[in-house]
Peer 1: 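Please see the structure below; I have some questions.
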Amino acid sequence: MIIRKAENRDAKRIVEMLSQVLELHAEIRPDIFLSGTTKYNEEEIIKILNTENKLTYVAVGEDDIAVGYAMCILKNTFQNSNMNPFKILYIDDICVDWAARGQHIGTQLFEYVKQQAKALECYEITLNVWEGNSAAAAFYNNMGMKPKRTEMELIIGEKNGVK
């Protein structure tokens, strides 16, 4: 398994895997996520791949076809009167193709992202996990991540008949 910076030719495979992520999220939160859609399309992925502070890495096999990806955003906190400034590598999305799971590709991707964050002199790596995605939460806990803060909600209405 090789992990490399994603290239424009990887966009189609990334979108295919984004679809898998979306379906999982739509299963967990059908009130928020629309099944059959993706977070980004190929054109948007290509734009992301060519944006300076957006770093996308792919895990590829011997055929050089992506079987996993990590889409990251390099962020700087703003210095204000009550917080120290620092650099963050935010994992916007990470996925291993369903057909390639169980081969520790996610672990390899995460470790690669961690190395990149260290090389970029980041203070931390952050990401969000949807409630109900216990497999992802367990994976990130195994990678050494800990909850930083909790976003809470109170649903007070219906959306498309779902509450």
Side-chain angles (χ1 to χ4, degrees), residues 1-8 10-29 32-34 37-60 66-98 100-101 104-153:
M1 187 65 44
I2 296 170
I3 300 175
R4 61 168 169 76
K5 193 171 188 306
E7 300 171 4
N8 291 353
D10 299 311
K12 182 177 181 181
R13 278 294 295 141
I14 292 170
V15 170
E16 290 170 2
M17 289 181 277
L18 275 168
S19 176
Q20 295 176 16
V21 171
L22 191 281
E23 291 309 313
L24 173 68
H25 289 153
E27 204 173 289
I28 294 168
R29 290 299 304 261
I32 297 175
F33 295 98
L34 296 171
T37 65
T38 59
K39 186 175 186 176
Y40 306 111
N41 61 35
E42 277 188 63
E43 183 178 300
E44 291 167 324
I45 292 293
I46 289 171
K47 185 175 180 184
I48 288 167
L49 296 180
N50 293 286
T51 302
E52 188 176 334
N53 72 321
K54 296 185 179 183
L55 309 168
T56 302
Y57 309 104
V58 289
V60 299
V67 293
Y69 68 84
M71 297 176 69
C72 306
I73 303 171
L74 189 59
K75 300 179 176 185
N76 289 300
T77 61
F78 299 102
Q79 185 170 4
N80 59 37
S81 62
N82 67 340
M83 292 182 76
N84 290 313
F86 54 89
K87 201 183 300 186
I88 300 166
L89 191 61
Y90 172 73
I91 299 176
D92 181 41
D93 216 271
I94 188 168
C95 177
V96 173
D97 188 283
W98 287 340
R101 296 214 174 149
H104 306 288
I105 295 167
T107 300
Q108 292 175 56
L109 268 168
F110 189 88
E111 289 298 327
Y112 188 85
V113 166
K114 195 162 72 172
Q115 290 172 2
Q116 297 304 305
K118 285 179 182 178
L120 292 164
E121 300 179 346
C122 292
Y123 173 71
E124 65 182 6
I125 296 171
T126 62
L127 53 78
N128 294 316
V129 179
W130 285 93
E131 255 330 287
N133 193 349
S134 55
F139 172 76
Y140 297 126
N141 282 329
N142 286 338
M143 294 295 98
M145 298 192 85
K146 297 183 183 336
K148 180 177 182 174
R149 65 177 173 224
T150 302
E151 181 178 2
M152 300 179 76
E153 70 179 347

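Please read all numbers here as calculations on a predicted model, not as lab measurements.
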Peer 1: Output, in order, the C-alpha distance, side-chain angles, deciding distance and verdict of salt bridge (charged side-chain N to carboxylate O under 4.0 Å, His left out) for E153 and R29.
Peer 2: CA-CA 13 Å; E153 70 179 347; R29 290 299 304 261; 2.6 Å; yes
Peer 1: For the residue pair Y57 and C72, what are the closest heavy atoms and their distance?
Peer 2: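 Heavy atoms of Y57 and C72 come nearest at CE1-SG, 4.3 Å.
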Peer 1: Which pairs would a plain distance check flag for residues 115-125, meaning a side-chain donor or acceptor within less than 3.5 Å of a matching protein atom at least two apart in sequence or in another chain?
Peer 2:
residue	atom	partner	partner atom	Å
E124	OE1	K148	NZ	3.4
E124	OE2	K148	NZ	2.6

Peer 1: Drop me the distance from N53's CG to N76's CG, to the nearest 0.5 angstrom.
Peer 2: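 If we round to the nearest 0.5 Å, N53:CG and N76:CG are 9.0 Å apart.
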Peer 1: Can you sort out the partners of E111 under salt bridge (charged side-chain N to carboxylate O under 4.0 Å, His left out), two or more places apart, ordered by chain and number?
Peer 2: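 E111 satisfies salt bridge (charged side-chain N to carboxylate O under 4.0 Å, His left out) with K114 only.
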Peer 1: Is it the case that over 12 heavy atoms from other parts of the model lie below 6.0 angstrom from the CD atom of E7?
Peer 2: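 Yes.
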Peer 1: Closest heavy-atom contact between V21 and D93?
Peer 2: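 Result for this residue pair: CG2-OD1, 3.8 Å.
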Peer 1: Could you report the tightest heavy-atom contact between T37 and E23, atom names first, then the distance?
Peer 2: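 Smallest interatomic distance, heavy atoms only, reads N-OE2, 4.3 Å.
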Peer 1: Grab the two heavy atoms, one from L18 and one from K39, that are nearest each other, plus how far apart they are.
Peer 2: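 L18 and K39 have their closest heavy atoms at CD2-CB, 4.3 Å.
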Peer 1: Would you compute the distance between atom CG of N8 and atom CD1 of I14 and round it to the nearest 0.5 angstrom?
Peer 2: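 If I round to the nearest 0.5 Å, the distance is 9.5 Å.
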Peer 1: I105 and A100: which non-hydrogen atoms are nearest, and at how many Å?
Peer 2: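 Heavy atoms only, the tightest pair is CD1-O, 3.6 Å.
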Peer 1: Is the CD atom of E44 crowded by more than 12 outside heavy atoms at less than 6.0 Å?
Peer 2: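 Yes, the 6.0 Å shell around CD holds more than 12 heavy atoms from other groups.
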Peer 1: What's the shortest heavy-atom distance between V129 and A137, and which atoms?
Peer 2: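 Smallest heavy-atom distance, with atoms named: CG1-N, 4.0 Å.
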Peer 1: Would you mind telling me which of N128, I73, L109, V113 makes a side chain to side chain contact (heavy atoms under 4.5 Å, CB included) with I91?
Peer 2: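 Single pass found, and it is V113.
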Peer 1: Does K54 pair with D92 as a salt bridge, N-O distance under 4.0 Å?
Peer 2: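 Looking at K54 and D92, the cut-off is not met.
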Peer 1: Ion pair present between R4 and D10, side-chain N to carboxylate O less than 4.0 angstrom?
Peer 2: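 D10 and R4: salt-bridged.
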Peer 1: Would you call the rings of W130 and H25 parallel, tilted or perpendicular if under 30° counts as parallel and over 60° as perpendicular?
Peer 2: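 The arrangement is tilted - the two ring planes meet at 30° to 60°.
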Peer 1: Please check if the side chain of T51 supplies one atom and the backbone of K47 the other of a donor-acceptor pair under 3.5 Å.
Peer 2: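 The answer is yes, because a donor-acceptor pair under 3.5 Å joins these two groups.
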Peer 1: Kindly say whether F86 contributes a backbone atom to a donor-acceptor pair with the side chain of T77 at under 3.5 angstrom?
Peer 2: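 Indeed, once roles are kept as given, a pair shorter than 3.5 Å links the two residues.
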Peer 1: If you define the side chain from C-beta out and look only at heavy atoms, does anything of Y140 sit under 4.5 Å from N142?
Peer 2: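 They are not in side-chain contact.
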Peer 1: Side chain of Q20, backbone of W98: donor and acceptor closer than 3.5 Å?
Peer 2: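 Yes.
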Peer 1: From the options M71, E16, M17, select the one residue that forms a side chain to side chain contact (heavy atoms under 4.5 Å, CB included) with C95.
Peer 2: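 With C95 as partner, side chain to side chain contact (heavy atoms under 4.5 Å, CB included) holds for just one option, M17.
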Peer 1: Under a 3.5 Å cutoff, is there a donor and acceptor pairing between the side chains of D97 and Y69?
Peer 2: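 Note: D97 and Y69 side chains miss the donor-acceptor criterion.
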Peer 1: Rounded to the nearest 0.5 Å, what separates atom CZ in F139 from atom CD1 in I94?
Peer 2: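 Between F139 CZ and I94 CD1, I get 5.5 Å after rounding to 0.5 Å.
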Peer 1: Nearest 0.5 Å, what's the OG-CG distance between S134 and N141?
Peer 2: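 S134 OG to N141 CG: 11.0 Å, rounded to 0.5 Å.
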Peer 1: Would you check if the side chain of R101 reaches a backbone N or O of V96 as a donor-acceptor pair within less than 3.5 Å?
Peer 2: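 Pair found, side chain donor or acceptor close to backbone of V96.
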Peer 1: I need the I46 CD1 to K12 NZ distance, nearest 0.5 Å.
Peer 2: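 Output value for this atom pair is 12.0 Å.
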